[in-house]
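Below is one structure, written out as C-alpha cells; comments come after it.
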Amino acid sequence: METTNGHDKKDKKEKKEKKEKKEKKDDKKAEEADEKEKKEKKEKTETAETGDAAKKEKKDKGEEKKEKKDKKEKKDKKEKKDKANKEPKEKKDKKDKKDKKERREKRKLRKEQKLKQLADQRKKAHKIGLKGSKMLASKKRKAPAQSQTELKVLLKTEDDYEPVNRWWEREDGAESGKRGAKKWDTFEHHGLLFAPDYEPHRVPLIYDGERVELPPEAEEIAYYWTSVKGTPYETKDIFMKNFWKTFKEVLPKGSKIKDFKKCDFSLMADYREAERQKRLNRTKEEKEAEKAKNAKETEWFSYAIVNGVREKLGNYKLEPPQLFRGRGEHPKQGLLKKRTFPESVTLNIGETACVPKVVGMPGHAWRDVVHENTVQWIANFEDGLLTESKYVSFAATSGLKGQPDMLKYDRAKRLVRIIGSIRTSYEKMWTSRNVADRQKATATYFIDKLALRVGGEKDTEEEADTVGCCSLRVEHLKLTPPQTIHLDFLGKDSIRYTNSVEVAKQVFDNVQGFIKGKKQEEQVFDKISPADLNEYFKNFMEDLSAKVFRTYNASYTLQDELNKFDVSKRSQLSQEQLLQFYNDANRQVAILCNHQKAESKGHAQAMEKMKLQAKEIEQTYKRLKTHLHRLQEGKASKEAEGQKLPKDAEGTKKKMMEVKLRLHKHRTNMETREANKTVSLGTSKVNYMDPRITVAFCKKVDLAIERVFPKTVRTKFPWAMHFKSTYVFE
DNA sequence: TTAATCACTTAGTACTACTCAA
DNA sequence: TTGAGTAGTACTAAGTGATTAA
C-alpha cells in the first residue's frame, strides 16, 4: 500500500503553492498579452481602415475608454489580491478557484467582445473599402489593389480559421488508431439525410405498340430501368431477368403487360434524357445557386463533433432506391434495392449528446440508438436487398480514418525488415512432408511475389464467383514445364487477372502435386484457409496479415522505380517529363496490383485520330526536309509560297526542329494513352503506396506535389507532407 | 472448430467540372 | 468559342480480417 510521510506532505504543499503562484503569474501574463494583442490589432486595423480625422477621433475615444477600463480592471484585481492575502488558507484556496474561474470567464467574455468588435470593424471596413474603391475609381485609380490587399490581410481574425486538427501528432495516436480501441469520450452528430421520395412523372410505357400509364409504384421501377440505358447492364441476361421479376411483382392484377420483349421504355428514357439535358443546360449562375443551396442543406449533416473536434463525415446521405448493380455475374443484379427508412437505422452517438431528429420522415423513428465508443461508425443500416448491414462513417480526410491508415503504412514498412526471414521460413516449409504446410508455403509465395489477395470463401448463390489466392481452382492455372505457371481468373470486382510467371522450381512442383487428380472446379489449396495463412504470419509480426503484403509490395515497387531516376539529368527535364516518370512508376505498381478500369468509350476512335495526326506531322517534316534540300540547291521559291514554307534554310531548319519536337511529344502522348487505357493509377495512389515516398520524390526532384496528389489525396495524407526528400521506405 | 457476423478497407463506375487544342 | 478529353469526386460494391456465436 502507498504511504505518505511528513516530509512528503511538506514537499507537496510547497509544490502546490509554487504551482498556484505560477498559475497566477501565467494568468496575469496571458491577460497582459491579450490586452497588448488587442491594442496592437486594433491599432493596425484602424490605421488600415482609412486614417481620416473622424476615425482617429473615434480611435482616441476608444483608447480612452479602454484605458479607463484597464485601470478599473487592474484596481479590481489588486483589491481582490489584497483581500485574498488576508483570508485563511482554506478559504483562500476556495476563493482562488472561484477567482480563477471568474478570470477565465472574463477572458472568454473579453475574447468574444474582441471578436465581435473585429467582426464589426470588418463590416465597416468592407463598406469603407467599397466606398474607397468607388472614390478611387473616379480619381485616376491610385493603387487601389494595394490598399485593398492590406485591408484583407489585416482584417482576418481567428474567426476566419478553424484550428488544424493535428491528429497525427497526438501521443495516443498509435493506440487510438487500433481496432477496438476507444475512439471518443464525447460524440455528437446530426443523423442522416434520407433519399428524396420518388416523384411520378406519368410518362407512359408502350406495350405492344399501345401507351400504358403505370401506377406510381410500377412507374418507379420502370423508370429505374431506364437509368441503365447505354450501360452493359441493359443487355445482361441476369440483370434483365431480375428486373422483369421485380417489375412484374408491382404491376396491378390483370395487367396486360406480360412479355418483357413487348415493353418499350423509350418514352420514359426520352423523358429521363430531357431532364438530364435540362440540368446540363442550366446557366452557370443557376448551377452555382443550386450548388450553394444543396451545400447549405447538407452542411447540417456532414460533420460530427468528436471530443470537441469537428470531423467530416463520409456517406451521410442514405443510398437512394435503385436496381442493384452488382459486378460481373452477380446473381442479384437487376433486383430492386429498396428505400431505407429510419426503422432500419441504428444510430451511434455519445451518451450525453442530443439524439438527432429524423428529418423529412414524419412519423418514423430510429430503430435503435447505441453509444459504442470503440467503433468508428455513426450509424448502420440494413441494405435494401443484400443480407448485410452497411455503415455510415467518417470521410477519408478525418482523423478517425487517417490514424489507422497511417499505421497501415508503418506496418508495411516493418514488413520490409522481416521479409527476409519470412522468405527463409516458407522456402524451408515448401518441402515439408505435411501437405497443409506445403500449401501454406506455396500460397505465401504467391502472395509475396505476385501481390495476390488472400481469397476468402464465397457463397456463389448470393455473390459473383470470384477468387483470390486460397480459393484458386484447378481451372484457373495452366502449367508449362519447366517452371512457368499461367494464371487466369476473376478477382475482386470480377476483374480478370492474367499473368504468366516463371516461378521457383519447388513452387512449380508443389502446384503440380496439389492439382494432380483433381477436377477443374476443385480448389488448388484445399487444405488451407485465409485464417491459417494469417495465423502463420503472426509468427513473424503481431499485426501481419495477408493484405499487408500488398501494401508492402506496392510501396516497395514504387520506391524501386523512383530510385531509377537520374538526378544529374534533373535540370534537363520539365515538370511534364517528371510527372511522366512518376506516372510510369505508378503504372508499374498498378499493374502489379492488377488495378484496372474499363476502356473509355472513345478510346479506339481517339487513337485512330491520333495516328492520323502523327502521319500528318511526319509528312510535314518530310516536306520541310525536301524543301531544305531544294533551298540549298537554290530551287524552292515557288513551292515555298504555295505551301507557306519558310523562305530560307535557317528558317526551315528551325521549323524542322519544332515539328520534330511536336512529333516526339505526340508519340509519347499516344504511348502513354495506350498504356493507360485499362490501367487505373488512382487506386494504388490512394490505398497502397506509402505517400511519404511520393512526397520525398517530389521534394528531391522539385516536382510540384499538386501534379501527383490531387487535393483529396493531399488532404487524406496531411501527416505525410512534411517528410524530407531523404525519406526511405525501409 | 466452424460458421456467422461485425467492422473496416479497397475497388471500379458514373457523373460533373475543368482544361486545352482546334 | 466549342467540344473532346481528363481530372476530381461521390457513390456504393466487394473485398479482408477479427470477433462472436453455435
Side-chain angles (χ1 to χ4, degrees), chain A residues 178-180 183 227-228 230-233 276 279-280 282 284 287-288 291 298 314-320 322 324-328 330 332-333 337 348 372 374-377 380 383-396 400-401 404-405 408 453-459 462-464 466-471 490-495 529-531 533-535 537-538 543-551 554 590 593-598 600-603 605-606 609-610 613 666 669 673 676 678 680-684 686-688 706-707 709-715:
Chain A
K178 283 181 186 166
R179 193 176 285 214
K183 308 276 191 293
S227 76
V228 296
T231 72
Y233 290 112
R276 196 177 81 94
R279 278 184 59 77
L280 286 173
R282 285 170 305 163
K284 204 181 171 189
K287 280 182 189 170
E288 272 167 14
K291 201 178 163 190
T298 55
N315 51 334
Y316 55 88
K317 284 181 190 167
L318 279 162
E319 297 170 13
Q322 59 168 331
F324 176 64
R325 298 186 184 198
R327 313 254 163 89
H330 198 295
K332 286 191 170 178
Q333 59 182 282
K337 195 178 73 176
N348 187 25
E372 300 278 342
T374 56
V375 294
Q376 54 162 251
W377 49 267
N380 79 43
D383 184 273
L385 173 67
L386 308 172
T387 52
E388 61 187 31
S389 61
K390 289 181 169 173
Y391 295 87
V392 177
S393 193
F394 291 84
L400 276 103
K401 285 276 184 195
D405 200 48
K408 175 184 79 182
R453 292 187 192 85
V454 70
E457 280 284 310
K458 291 189 82 181
D459 178 357
E462 292 277 315
E463 300 163 283
T466 60
V467 298
C469 184
C470 291
S471 46
L490 293 182
K492 183 180 177 181
D493 291 311
S494 296
I495 297 293
S529 70
L533 277 185
N534 286 333
E535 198 191 326
F537 297 145
K538 298 281 177 291
D543 49 358
L544 182 62
S545 65
K547 79 192 200 64
V548 183
F549 281 83
R550 267 169 86 77
T551 316
C593 296
N594 200 37
H595 292 145
Q596 296 187 23
K597 64 176 184 199
S600 69
K601 279 178 194 168
H603 178 80
Q605 210 182 344
K609 201 174 155 189
M610 285 184 94
Q613 284 170 338
H666 189 79
N669 210 344
R673 196 182 277 203
N676 280 346
T678 57
S680 167
L681 303 185
T683 309
S684 46
V686 171
N687 298 303
Y688 286 108
E706 305 88 75
R707 302 300 301 269
F709 278 0
K711 198 183 156 202
T712 40
V713 182
R714 293 200 302 277
T715 47

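Below, chain A is the first sequence line, B the second, and so on; all start at residue 1. Reckoned from all heavy atoms, side chains included, excluding hydrogens, waters and symmetry mates.
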Discussion item. Name the residue from A:Asp383, A:Asn315, A:Asn380 that meets the side-chain hydrogen bond (donor to acceptor under 3.5 Å, both in side chains) definition with A:Lys390.
Written reply: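 So the option named by the test is A:Asp383.
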What's [X] touching, base or sugar-phosphate or nothing? Going by heavy atoms closer than 4.0 Å.
X        : result
A:Lys284 : nothing
A:Ala598 : sugar-phosphate
A:Arg714 : nothing
A:Ala531 : nothing
A:Lys401 : base
A:Thr466 : sugar-phosphate
A:Arg550 : sugar-phosphate
A:Gln596 : sugar-phosphate
A:Pro232 : nothing

Report yes if at least one side-chain N or O of [X] is closer than 4.0 Å to OP1 or OP2 of [N]; otherwise report no.
X        : N      : result
A:Thr683 : B:dG12 : yes
A:Tyr391 : B:dT9  : no
A:Lys547 : B:dT10 : yes

Rounded to the Å, how far apart are [X] [atom1] and [N] [atom2]?
X        : N      : atom1 : atom2 : answer
A:Asp405 : B:dT9  : CG    : C1'   : 9 Å
A:Glu288 : B:dT16 : CD    : C1'   : 14 Å
A:Lys458 : B:dA4  : NZ    : C1'   : 17 Å
A:Lys597 : B:dG12 : NZ    : P     : 11 Å
A:Tyr688 : B:dA11 : OH    : P     : 3 Å
A:Asp383 : B:dC6  : CG    : C1'   : 15 Å
A:Ile495 : B:dT10 : CD1   : P     : 17 Å
A:His595 : B:dT10 : NE2   : C1'   : 7 Å

Fill in: Heavy-atom side-chain proximity of A:Arg550 to A:Cys593 below 4.5 angstrom
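With C-beta onward as the side chain, the pair touches.
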Fill in: Validation row: A:Ser227, A:Arg325 side chains within 4.5 angstrom (heavy atoms)
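Yes, close enough: below the 4.5 Å cut-off.
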Discussion item. Quick check on A:Glu706: does its CD atom have over 12 non-hydrogen neighbours (other residues, nucleotides or ligands) under 6.0 Å away?
Written reply: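 Above 12, so yes.
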Does [Y] offer a backbone N or O that forms a donor-acceptor pair with the side chain of [X] under 3.5 Å?
X        : Y        : value
A:Arg714 : A:Phe709 : yes
A:Lys538 : A:Leu544 : yes
A:Lys401 : A:Gln376 : no

Discussion item. Can you identify which nucleotide, out of B:dT16, B:dC8, B:dG12, has its nearest atom closest to the A:Asp493 side chain?
Written reply: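 Taking heavy atoms from C-beta onward, the closest nucleotide is B:dG12.
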Practice prompt. Determine the sole option in A:Lys337, A:His330, A:Glu462 for which the side chain to side chain contact (heavy atoms under 4.5 Å, CB included) test with A:Leu386 is passed.
Written response: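 Of all the options given, the one that passes is A:His330.
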Fill in: Sequence-distant partners of A:Tyr688, ring pair (Phe, Tyr, Trp, His ring centres under 6.0 Å), two or more places apart
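A:His595.
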Worksheet item: What is the 5' to 3' range of DNA chain C, first to last nucleotide, that sits under 4.0 Å from any heavy atom of chain A?
Response: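 The contacted stretch runs from C:dG5 to C:dA18.
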Atom pairs under 3.5 Å, N or O on each side, protein against nucleotides 19-22 of chain B: can you list them with distances?
none

Worksheet item: What's the verdict on side-chain hydrogen bond (donor to acceptor under 3.5 Å, both in side chains) for A:Lys458 and A:Thr466, showing C-alpha distance, side-chain angles and the deciding distance?
Response: CA-CA 8 Å; A:Lys458 291 189 82 181; A:Thr466 60; 2.8 Å; yes
